[in-house]
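Right, one structure below, let's go through it.
Since the model is a prediction, treat every value here as computed from it, not as a measurement. Atoms within a ligand are numbered from 1 in the order they appear, just like the ligands themselves. For this chain, numbers begin at 1 and follow the sequence in order.
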Amino acid sequence: MTNQQNVVVVDVKPHGGVKPPLSLPVAKSFSPQDLKLLLMKKRFETENAWVLDSMRASSPSRISNPTTTSLPETDVKSSWIVHHPSALNMFEQIVTASKGKQIAMFLDYDGTLSPIVEDPDRAFMPREMRAAVRDVSRYFPTAILTGRCRDKVYSFVKLSGLYYAGSHGMDIKGPSKSCKDYNNGKQGVLFQPASEFLPMIDEVYKALVEKTKSISGAKVENNKFCVSVHYRCVDEKSWATIAEQVRSVLNHYPKLKLTQGRKVLEIRPTIKWDKGRALEFLLEALGYNNPNDVLPIYIGDDRTDEDAFKVLRDRGLGFGILVSKIPKETNASYSLQEPSEVKEFLRRLVEWKKLSLQAPIIG
Ligand SMILES: O=P(O)(O)OC[C@H]1O[C@H](O[C@H]2O[C@H](CO)[C@@H](O)[C@H](O)[C@H]2O)[C@H](O)[C@@H](O)[C@@H]1O
């Protein structure tokens, strides 16, 4: 007969949600010290399992609610398209909604302006996409919001008339050259809400490089105010090891948290700042305090873009457009399948704007 009972511990994740409950067998003879160690070990294992599940599901989460999973895949897809129609098919409705307002464009980078590739250092932006973004920025205030380091994304985009928000919005800079009159003279706006974390992020980057160097295919990227640990090229059998190594480093840094993107673990400060807050900051920096003056359009493909989609939805402002070929849970209103459709959407916006500037005023 065993002398054990089960203790269930419910804990709170650093970024708000509830962690899975810990259930551990407690022998009556355990000392408080043993119990503490056992609890720590169990928590470590549970958190790893939680990260690993999430890594397997990849990002953003595919639709998994019971009302849709019982339907055949084609029905799920058509029901999703009804709720998140193509932004190309809804183009007329989108521009009609901008009547009397200034359209402001917010664009994610990876998976939106450049196709996803294996090597993050080679995620170049196709020339035609650069032309489309440049043309859009001539007619509408335009910002790139990315998880990447701001300098790195600038080296890919190479356009000086845009706002850039790197490190998931923790590093914001205005256009380096004046673009018409819509930036209200706020050229060079700079906002870095996490600057005190720079030394810590640097330290964590080095620790992660060291911890993952023996995992074939793992890549650690220093994004200035956050760090990415890529596992796209890591054999799935080693995903548990990568999750374990990342957690073992993070355990020493309670002021940092773990989030996830497309085959990437992202380590960032626990401050309440994300792409949604950056979008709000940029709207204010552009002088759009009155929601009646502006129609923001945000296009992105990843979990981190959901923060921005949510801000737009909660404020009843503009439109979020998710780039995805498959149905996913999202706060976006519309969808586009891939970067080539993003380019088409941007081109159509420019054509529409040119025509509307030429149109005679009647009445
Ligand atoms: O906010 P984003 O611009 O979407 O940046 C998010 C992460 O994007 C990059 O990683 C992703 O794209 C890579 C290149 O296609 C791909 O190899 C990787 O698997 C994707 O997760 C970037 O390298 C990360 O640092 C960003 O956090």
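- With sequence neighbours excluded, the residues forming a ring-ring contact (aromatic ring centres under 6.0 Å, His included) with H84 are W80, listed by chain and number.
- Sorted by first and then second residue, the pairs that involve residues 144-162 and meet salt bridge (charged side-chain N to carboxylate O under 4.0 Å, His left out), not counting sequence neighbours, are D110-R148, D121-K152, R148-E221, R150-D171, K152-E221.
- Checked options L312, L286, I103; the residue passing with P296 is L312 (criterion: side chain to side chain contact (heavy atoms under 4.5 Å, CB included)).
- Remark: Y109 engages F156 in a ring-ring contact (aromatic ring centres under 6.0 Å, His included) (not counting sequence neighbours).
- Considering every non-hydrogen atom in both F140 and L349, the closest pair reads CZ-O, 4.0 Å.
- Within 4.0 Å of ligand 1, counting heavy atoms only, the contacting residues are D108, Y109, D110, P115, I116, V117, E118, P120, A123, T146, G147, R148, E221, N223, S228, H230, R232, R262, V264, E266, K275.
- Using a cut-off of 4.0 Å between Lys/Arg side-chain N and Asp/Glu carboxylate O, D307 and K310 are scored as not salt-bridged.
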